[in-house]
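For reference, the structure discussed in these notes is given below.
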Amino acid sequence: MSLHVVEHPLLQDILTRLRDRTTPCDDFRILSHRISLLLVSEATRDIPTVAGTVETPLAVAEANRVAVRVVAVPVLRAGIGMLEAFLDLVPSAHVGYFGLERDETTAVARRYYEKVPKNLGDAVVFLLDPMLATGGSAAMAVDGLQGMGARRVRLVSIVAAPEGVAYLEKAAPDVEVFTAALDRGLDERKYILPGLGDFGDRLYGT
Ligand code: PRP
Ligand code: URA
């Protein structure tokens, strides 16, 4: 598994505001969108393009177009906060949904919903989930996607814990992870420290 910690001053500024406990829900949504734009841009940096031409109003220019099927799969609920940014950058992407919820006491994820496009084998699949904590949710989602035929899976996260990275490395060695921060570790409730709290709750005000 390869881990890419994306470095960009604007990304760091947005992350600081996401971490800030006083950031209200409406700002949190906007910041999630903005940081996702920067992360998705990096996670798609090497997707295949095909060379061709385009006619400008004045001349013919050499041109490149995306030449691979792209599927985005946000993990419910928190991954929804990253989807619009993904579609802003890759409007032709197909979209699947994976519903996972961690048990509040055991922190073990439960799979409760999925609806994913067919023929994942010929696509680059981007799993969108802002928090990689124990890694249980990401591993479950990757396993589900691979079970449906996905061969190329990338996880776009916002904050990752070393425990989650290590777990995913064992469970899904082929996956590439893009994140804005590799934090210190997990607390006794398996929340990321310093992290930014419960992403879904902060995104939706629950
Ligand atoms: C959060 C987060 C991840 C998961 C990460 O979701 O969005 O999916 O926890 O934790 P893990 O790496 O330990 O599995 P949560 O289960 O809280 O659901 P929600 O998005 O509905 O709030
Ligand atoms: N899920 C979250 O939303 N935050 C964490 O810190 C860990 C799991």
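Counting convention: from 1, in listed order, for ligands and their atoms alike.
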Taking side chain as C-beta onward, heavy atoms only, is N119 less than 4.5 Å from R69? yes
Tell me, do L83 and S36 make a side-chain contact under 4.5 Å, heavy atoms counted? no
Does any N or O in the side chain of R21 come within less than 3.5 Å of the main-chain N or O of L196, such that one atom is a donor and the other an acceptor? no
Would you check the N or O atoms of A133, main chain and side chain alike, for any that come under 3.5 Å of an N or O of ligand 1? yes
If you have a sec, work out which protein heavy atom is nearest atom 18 (O) of ligand 1 and how many Å separate them, to one decimal? L100 O, 4.0 Å
Taking D183 for the side chain and G195 for the main chain, is one N or O donor matched with an acceptor at less than 3.5 Å? yes
ILVMFWY cluster membership beyond V153 - transitive side-chain contacts under 4.5 angstrom: M1, L3, V5, V71, V73, V75, F98, L100, V116, L120, V125, L127, L132, M140, V142, L145, M148, L155, V165, L168, V175, V177, L182
Give yes or no for whether the N/O distance cutoff of 3.5 Å, strictly under, is met between A78 and ligand 1. yes
Is it the side chain (CB and beyond), the backbone, both or neither of T134 that lies under 4.0 Å from ligand 1, heavy atoms counted? both
Side chain or backbone, does K190 bring an N or O within less than 3.5 Å of an N or O on ligand 1? no
At a 4.0 angstrom heavy-atom cut-off, what protein residues surround ligand 2? R102, M131, A133, K190, Y191, I192, G197, D198, F199
Could you list which atoms of ligand 1 come closer than 4.0 Å to a heavy atom of E101? 16 (O)
Backbone of L186 reached by a side-chain donor or acceptor of E163 within 3.5 Å: yes
Residue-ligand contact A138/ligand 1, heavy atom below 4.0 Å: no
Tell me: protein heavy atom nearest atom 19 (P) of ligand 1, and distance? R77 NE, 3.6 Å
Just so I know, are the side chains of I80 and Y204 near enough to count as touching, which here means a heavy-atom distance under 4.5 Å? yes
Aromatic centroids of F126 and F86 separated by under 6.0 Å: yes
Does ligand 1 come near enough to D129 that some N or O of the ligand is less than 3.5 Å from an N or O of the residue? yes
Drop me the distance from F28's CZ to D20's CG, to the nearest 0.5 angstrom. 11.0 Å
For ligand 1, which part of A109 has a heavy atom less than 4.0 Å away: the side chain, the backbone, both, or neither? neither
Please evaluate residues M131 and I192 with respect to the criterion side-chain contact (heavy atoms from CB on, under 4.5 Å), reporting the C-alpha separation (whole Å), side-chain torsions for both, the decisive distance (0.1 Å), and the verdict. CA-CA 8 Å; M131 307 306 279; I192 302 173; 3.8 Å; yes
Just by distance, with hydrogens left out, do H4 and E176 show a side-chain donor and acceptor under 3.5 Å apart? yes
Which protein non-hydrogen atom lies closest to atom 17 (O) of ligand 1, naming both residue and atom, and how far is it? D198 OD2, 4.2 Å
Is there a side-chain contact between R154 and F178 in this structure, where contact means two heavy atoms from C-beta onward sitting under 4.5 Å apart? yes
Just by distance, no angles: are the side chains of D129 and S157 close enough, under 3.5 Å, to form a donor-acceptor pair? no
Strictly less than 4.0 Å: does any protein heavy-atom distance to atom 1 (C) of ligand 1 fall in that range? no
Residue M131 vicinity, atoms of ligand 1 by number, heavy atom under 4.0 Å: 2 (C), 3 (C), 5 (C)
Protein contact of atom 16 (O) of ligand 1 - nearest heavy atom, named by residue and atom, plus distance: R102 N, 2.7 Å
Just distances here: any N/O of S137 and N/O of ligand 1 closer than 3.5 Å? yes
Is atom 6 (O) of ligand 1 less than 4.0 angstrom from some protein heavy atom? no
Rounded to the nearest 0.5 Å, how far does CG of L203 lie from NE2 of H33? 12.5 Å
